[in-house]
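Here is the structure we will look at, set down as structure tokens.
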Amino acid sequence: MNNTDPDATYAASYSSKDPSMNVSVHSQQNLAQLSPYLNFNPVYLPQSQPEFIFPEGVARQRGRFELAFSQIGGSCMLGAGIGGIGGFYNGLKSTTLAGHTGKLRRTQLLNYVMKQGSATANTLGVLAVMYSGFGVILSWARGCDDELNTIVAASATGLLYKSSAGLRKCAIGGGIGFSLAAVYCLWSARDKLQDFRQEYNPA
């Protein structure tokens with residue numbers, strides 16, 4: 001019967017003194033460490049942003065219709081928050097002037113917060129629905145989604161929202177929508193503008 005220790009048998013096959021086992025963990029001196037699992041130099045891997053696989057014929061970013069739901073919901077929540085803060089401030093001021101205390105003051109504060117919060121949320125939600133609707137229609141009609149759609153949709157939203165208040169206020173609403181959209185487009189395209197300036201105005 002052989003009483004040889006099996007651990008010793010396996011250990012002898014992988015001796016640290018074996019020259020074939022003396023493999024460097026670096027591609028070259030002072031360079032990146034080699035992977036102990038795949039044995040390749042990680043320097044050759046691209047360090048860019050991750051690439052995602054998209055089905056054939058599908059856009060690489062969400063369109064207006066997909067973004068509409070998040071825009072409408074976000075506008076309602078933002079309006080509720082802004083209106084709630086404004087209602088709380090107005091409620092504090094009004095109840096202090098009226099001399100309300102205790103449960104009466106708390107009830108009045110809740111009324112102010114709920115009333116102004118819901119009104120502001122409703123206003124911003126309606127504006128988001130109009131803007132998203134115009135944006136989706138323009139995208140389908142023109143077959144593309146660019147800054148022109150954003151500016152036209154925002155201007156049309158301002159015009160439509162104030163259309164029942166007279167021509168002057170209607171024009172003001174359209175101007176506000178156009179200005180906000182123009183500022184947003186300039187901010188989102190700041191990298192392109194900087195490249196354009198460097199190309200045509202070299203230092």
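Residue numbers count from 1 along this sequence.
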In terms of relative ring orientation, are F69 and F65 parallel, tilted or perpendicular, with 30° and 60° separating the classes? perpendicular
Given the rule in the side chain to side chain contact (heavy atoms under 4.5 Å, CB included) test, do R105 and L92 qualify, once you have shown the distances and angles that lead to the verdict? CA-CA 8 Å; R105 186 178 191 185; L92 282 177; 3.6 Å; yes
Is there a path of hydrophobic side-chain contacts, each under 4.5 Å between heavy atoms of I, L, V, M, F, W or Y residues, that connects I137 with V129? no
Any heavy-atom pair between the side chains of Q116 and N90 that's under 4.5 Å? yes
Less than 4.5 Å apart, any side-chain heavy atom of L124 and any of L127? yes
Side-chain donor-acceptor pair under 3.5 Å between T95 and Q108, yes or no? no
Can you check whether Q71 reaches L67 side chain to side chain, under 4.5 Å on heavy atoms? yes
What distance separates L159 CG from K162 NZ, expressed to the nearest 0.5 Å? 12.0 Å
Under 4.5 Å between side-chain heavy atoms, chaining through other members, with only Ile, Leu, Val, Met, Phe, Trp and Tyr counted: pull out the rest of the cluster around I151, sorted by chain and number. F178
Side chain proximity check, Y161 to T123, heavy atoms < 4.5 angstrom: yes
Find out whether Y184 and T150 are in side-chain contact, i.e. whether some heavy atom of one side chain is under 4.5 Å from a heavy atom of the other. yes
Could you measure the distance from the OG1 atom of T120 to the CD1 atom of I85? Nearest 0.5 Å is fine. 10.5 Å
Under the side chain to side chain contact (heavy atoms under 4.5 Å, CB included) criterion, do L109 and F88 qualify, and how do the steps go? CA-CA 6 Å; L109 285 175; F88 183 75; 4.3 Å; yes
Connected hydrophobic set around Y112, excluding itself, where side chains approach under 4.5 Å: none
